[in-house]
Amino acid sequence: MPQEEQTSVTHAHRGRDGQEDVRYDAQRIETKWFERWQQDSSLYAAEPHSTRQKYYVLEMLPYPSGALHMGHVRNYAIGDALARYMWMNGYNVLHPMGWDSFGLPAENAAIQNNTPPREWTLGNIAAMKAQMKRLGFAYDWSREVTTCLPEYYKWNQWFFIKMFEKGLAYRKKSTVNWCPKCATVLANEQVVNGCCWRHEDTPVEQRELEQWFLRITKYADELLRDLDRLPGWPEKVRTMQRNWIGRSEGTLVDFKLDGATDPASSSIPVFTTRVDTIFGATSVQLAPQHPLVARLTRNNDLLRAEVERLLAEQRKAREVGDIGEIEKHGVNTGRYAINPYNGEKVPIWVANYILMDYGTGAIMSVPAHDERDYEFAKKYKLEIRLVILPQASDPEETAVEPKLPFTTMQGTLVNSGRFSGMDCEAAIRAMSEHAEKNGFGKATITYRLKDWGISRQRYWGTPIPMLYCEKDGIVAVPEKDLPVILPENVDIALTGGSPLGRVPEFVNATCPKCDGPARRETDTMDTFVDSSWYFYRYTDAQNDQAPFDREKAGYWFGDRGIDQYIGGVEHAILHLIYSRFWTKFMRDMGLIGNAEPAERLFTQGMIIKGGAKMSKSLGNVVSPDDMVEHYGADSTRMYTLFATSPDRELDWQDEGVEGIERFLGRVYRFVTRNAARSALAEAQHAAPFLPEARQIQRKLHQTIKRVSDDFQGRWHFNTSIAAIMELVNELYAVEARQEGHAAAGGLHAKVVPNSLWVEVQRTLALLLSPFAPFLAHELWEMLGEKGSLLRASWPKYDPALAKEEEIEIPVQINGKLRSRIVVPADAPEDVVRERALADEKIRAMVAGKQIVKPIVVPGKLVNIVVR
RNA sequence: GCGGUCGUGGCGGAACUGGCAGACGCACUAGCUUGAGGUGCUAGCGCCGCAAGGCGUGGAGGUUCGAGUCCUCUCGACCGCACCA
């Protein structure tokens with residue numbers, strides 16, 4: 001038995017001939033390569049044109065907050081490993097990086113530290129770029145994009161004007177969050193429990209402001225449909241986007257306002273997905289903000305006060321985020337609406353749970369067939385009228401009265417005039433047609449997706465390139481006058497309104513149409529605009545004539561987009577939907593040929609520690625700088641890949657990093673001890689190929705296969721790294737035996753031929769280079785190789801060499817493991833069966849029993865079923 | 001409420017299409033080595049049991065020669081959406 005033989009081998013205490021091992025000094029190695037890589041700026045540069053196939057790998061660009069956090073490191077470690085792997089496989093790789101550098105934190109820092117936003121931001125960028133370089137990420141810095149610089153945001157303005165010209169950018173009134181103490185607008189994220197984040201006892205107010213919107217809803221349907229054409233995106237993200245777009249098919253029905261004096265506004269459009277239940281409608285419910293409400297309450301102070309209360313309740317609930325749990329309240333206006341299907345008069349109510357921004361802001365209430373309407377009707381004692389009966393399972397049976405509310409579609413209409421007797425689906429079709437024929441409605445599709453409000457009453461953003469002229473109205477800044485430069489030295493104190501409005505030199509301009517005086521737009525753009533198209537700019541980052549050259553973008557994007565995009569799930573909706581919208585718009589402009597920004601998307605998991613997300617308040621933040629200083633960049637990066645698979649949540653453990661450092665030390669010492677051996681000398685020796693050598697060779701090729709397979713498939717780098725560890729463990733074991741032989745003065749002082757020994761070490765450096773580039777390069781150099789590993793070829797595995805000659809397979813009796821046998825790997829079924837039955841343990845156990853059937857799974861196991 | 005992901009040793013996690021559960025790492029234990037500074041090497045390590053053996057992948061059933069993996073029910077954790085008419 002070969003297993004037992006192993007134990008008889010002397011386990012040497014690795015004497016190493018009394019020689020001290022060199023310590024693995026990550027700092028020394030990494031500083032050395034860091035400095036070398038600094039010298040050569042072309043090292044990671046993508047070729048503009050190449051005979052090699054292109055590969056565009058992109059990680060989401062960071063906001064320059066001042067320091068990288070571990071989430072960044074994980075994200076970039078994944079992308080960098082992939083980029084390096086593709087490089088070594090002969091691709092022309094584009095792997096760029098940039099800065100999403102407009103946004104609020106810079107303004108807050110400016111107020112707190114009295115540092116101009118620009119200075120603060122650029123300082124942070126420099127610091128973070130240094131961190132990235134220290135971590136050894138292989139970015140093509142010649143293509144760096146910084147969104148807060150005029151060279152970049154000029155093109156935000158250019159795109160905006162193009163959208164304006166196409167009617168895709170427009171202005172309308174809308175509600176914003178307003179903190180009375182700050183006297184300014186707040187982003188939704190800055191509203192905490194309905195109060196200002198800086199004044200936690202001050203409730204946020206809603207204000208109506210004129211805002212710029214981008215008509216993303218024009219693409220709603222395509223954005224939804226094309227999700228099916230993105231098999232390379234996580235199902236989760238596609239589902240989230242589907243829900244966000246929220247397509248809903250239904251019917252628009254006009255109820256007439258009874259006794260309307262003004263014919264122009266005499267109808268109340270209502271949206272419903274269940275027009276089949278409309279004969280059961282016993283009221284119409286309006287959102288408190290519904291335009292009709294103001295008119296209906298004009299002469300009734302009491303009623304108006306009630307409505308105000310409902311409105312306040314709704315706002316409160318929405319701000320806290322639990323509109324779903326709001327206690328339903330309503331008030332009867334005393335007026336009536338006429339159901340166009342049966343001419344019936346139903347009361348009009350105003351209710352706090354009706355949302356103005358979905359559908360038409362008005363609903364028909366059918367208590368018998370809707371949960372919410374039922375609850376509301378019970379509370380206010382409104383009529384509940386049954387108009388759908390469950391379909392009897394047995395046609396002979398008469399339908400029974402259902403439990404209310406009866407909300408499923410498996411039913412038949414009753415008490416519904418000429419539509420009685422139809423099933424729900426047929427009725428919806430027939431009734432929608434009926435409405436359209438008679439001019440009071442039609443089948444419609446509504447979306448939850450809203451047009452994108454991009455106006456921000458903030459300083460640190462892209463100025464919206466618009467002018468307001470008394471004579472010519474809203475006028476776009478001419479292209480030749482772009483960029484509209486964001487002025488410096490602006491007072492950004494939070495005193496209300498847009499800071500740019502306090503800069504007369506900025507505000508006062510000339511109308512390009514009439515040369516008369518004009519006022520500049522003082523709002524800036526949402527920073528999501530910046531990140532909606534930045535990845536195109538990487539293909540042509542220095543272009544000052546256009547956002548990018550069509551051909552250059554065409555080369556990298558092709559017709560499928562970025563080959564691999566990597567980032568956090570937190571961007572699953574906003575950033576990724578805006579990017580998709582922007583791409584479709586650019587395609588319609590003829591700027592690009594792809595309809596989607598990225599063919600494949602990978603969302604990495606969060607990093608937690610001690611069961612919670614890392615946060616300053618919990619004090620469980622692990623700083624990348626500390627880790628790099630302590631264990632080195634290689635260990636830090638590699639740990640983020642080793643702790644778990646990249647798609648899963650990572651539970652940070654400092655001891656885990658130590659484990660990686662220990663492993664890298666083992667590799668380093670192994671090569672230190674063995675690098676000097678000459679392959680050439682050995683080739684002449686032609687040493688016998690002992691079992692140990694074969695074992696190493698097999699393991700080596702199996703490892704190459706496992707690591708390569710992970711890159712090609714599931715990206716489970718944790719198992720790739722585990723495979724390399726296994727290889728190294730085996731190398732140590734064989735090395736010990738080799739020394740044992742030598743010490744014993746054995747004939748085979750060299751158990752493993754030097755040529756193989758050298759191949760093993762070279763391969764080790766190659767396999768490690770995507771995960772631990774610093775050490776890999778050091779090893780490469782120790783092995784006498786020159787140049788970057790990026791230019792080296794990824795090792796190929798040889799299936800013949802990876803193959804096991806003999807395998808051990810388990811033998812079960814009735815599914816329970818009873819013995820093991822060793823057979824040739826390619827032994828035919830009947831041989832395996834014979835061997836299993838001949839096994840002594842098995843013979844003893846099946847003696848006297850009847851063998852029902854022996855099951856042989858070649859190469860896997862034997863299971864003998866006995867009775 | 002709807003949609004999704006996930007429950008495996010003391011811990012992080014392996015086990016791709018059903019086929020030896022626990023690879024690899026951490027922690028722990030022992031031996032050797034080193035040593036005034038987070039050292040290295042070797043071995044052991046799911047649970048019960050002296051052992052033979054038995055029991056084990058959140059729980060209960062089922063399919064199968066065989067289930068962590070498939071099916072049904074159920075419990076729990078996390079994420080997203082949410083009076084969406």
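Order of the sequence lines fixes the chain letters, A, B, ..., with proteins taken first and strands second; residue numbering starts at 1 for each chain.
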**Residue mapping more 5' on RNA chain B - nearest nucleotide basis, A:W244 or A:M356** =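 Whichever sits nearer the 5' end wins; that is A:W244.
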
**Asked** Does A:M725 or A:T360 map to a spot on RNA chain B nearer the 5' end, using the closest nucleotide for each?
**Response**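 So the residue in question is A:M725.
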
Counting only side-chain heavy atoms from C-beta out, which of [options] sits nearest to [X]?
X	options	result
A:A722	B:G38, B:C24, B:G13	B:C24
A:I855	B:C84, B:G80, B:C65	B:C65
A:T644	B:G13, B:C20, B:G19	B:G13
A:D651	B:A85, B:C41, B:G12	B:G12
A:Y631	B:A27, B:C24, B:G38	B:G38
A:E726	B:C24, B:C65, B:G3	B:C24
A:E658	B:G13, B:C20, B:G38	B:G38
A:I354	B:U42, B:G80, B:A85	B:A85
A:Q812	B:C65, B:A14, B:G19	B:G19
A:L861	B:G38, B:G19, B:G13	B:G19

Please name the nucleotide paired to [N] by Watson-Crick or G-U wobble geometry with both distances under 3.5 Å, or report none.
N	result
B:U29	B:A43
B:U64	none
B:G37	none
B:C84	none
B:U17	none
B:A77	B:U5
B:G12	B:C24

Taking [M] as the reference, what is the distance to [N] when you measure between their [atom1] atoms (whole Å, please)?
N	M	atom1	value
B:G58	B:C75	C1'	7 Å
B:A23	B:A14	P	13 Å
B:G3	B:G13	P	27 Å
B:G44	B:U57	C1'	24 Å
B:C2	B:G12	P	31 Å

Taking only Lys NZ, Arg NE, NH1 and NH2, and the carboxylate oxygens of Asp or Glu, determine whether [X] and [Y] approach each other closer than 4.0 Å.
X	Y	result
A:D710	A:K705	no
A:E735	A:R737	no
A:D839	A:K841	no

Neighbour count above 12 (heavy atom, 6.0 Å) for [X] [atom1]:
X	atom1	value
A:E629	CD	no
A:K379	NZ	yes
A:E570	CD	yes

Tell me the interatomic distance from [X], atom [atom1], to [N], atom [atom2], rounded to whole angstroms.
X	N	atom1	atom2	value
A:I807	B:G19	CD1	P	15 Å
A:N729	B:U42	CG	P	8 Å
A:F255	B:A85	CZ	P	17 Å
A:K853	B:U64	NZ	C1'	9 Å
A:F663	B:G25	CZ	C1'	11 Å

Looking at [N], I'd like to know if its phosphate oxygens (OP1 or OP2) sit under 4.0 Å from a side-chain N or O belonging to [X].
X	N	result
A:R448	B:A82	yes
A:K816	B:C55	yes
A:R242	B:C2	no
A:S645	B:A14	yes
A:R23	B:U34	no
A:S248	B:A85	yes
A:N243	B:G80	no
A:R706	B:C24	no
A:R662	B:C26	yes

Hey, does [X] reach any base, or is it just sugar-phosphate, or nothing, if we go heavy atoms under 4.0 Å?
X	value
A:R818	sugar-phosphate
A:V857	base
A:H369	nothing
A:G246	nothing
A:E327	base

**Check: A:T251/A:T272 side-chain N/O donor and acceptor closer than 3.5 Å** =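 Their side chains do not contain a donor-acceptor pair, so the 3.5 Å distance test is not met.
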
Between the base of [N] and the side chain of [X], is one N or O donor paired with an acceptor at under 3.5 angstrom?
X	N	value
A:H716	B:G13	no
A:E655	B:G12	no
A:N863	B:C65	yes

**Request:** Please work out whether the ring planes of A:Y24 and A:Y668 are parallel, tilted or perpendicular, with thresholds of 30° and 60°.
**Result:**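 Geometry flag for A:Y668 against A:Y24: tilted rings.
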
**Asked** If you draw the axis of the six-membered ring of A:F717, does the NZ or CZ of A:R648 fall within 45° of it and under 6.0 Å from the ring centre?
**Response**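 The answer is no; the distance or angle limit is not met.
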
**Item:** Geometric cation-pi criterion A:R637 and A:F771, 6.0 Å radius, 45° cone
**Value:**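 The answer is no; the distance or angle limit is not met.
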
**Prompt:** Hey, is B:G9 sitting syn or anti, using the within-90° cutoff around 0?
**Reply:**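 Syn, angle within 90° of zero.
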
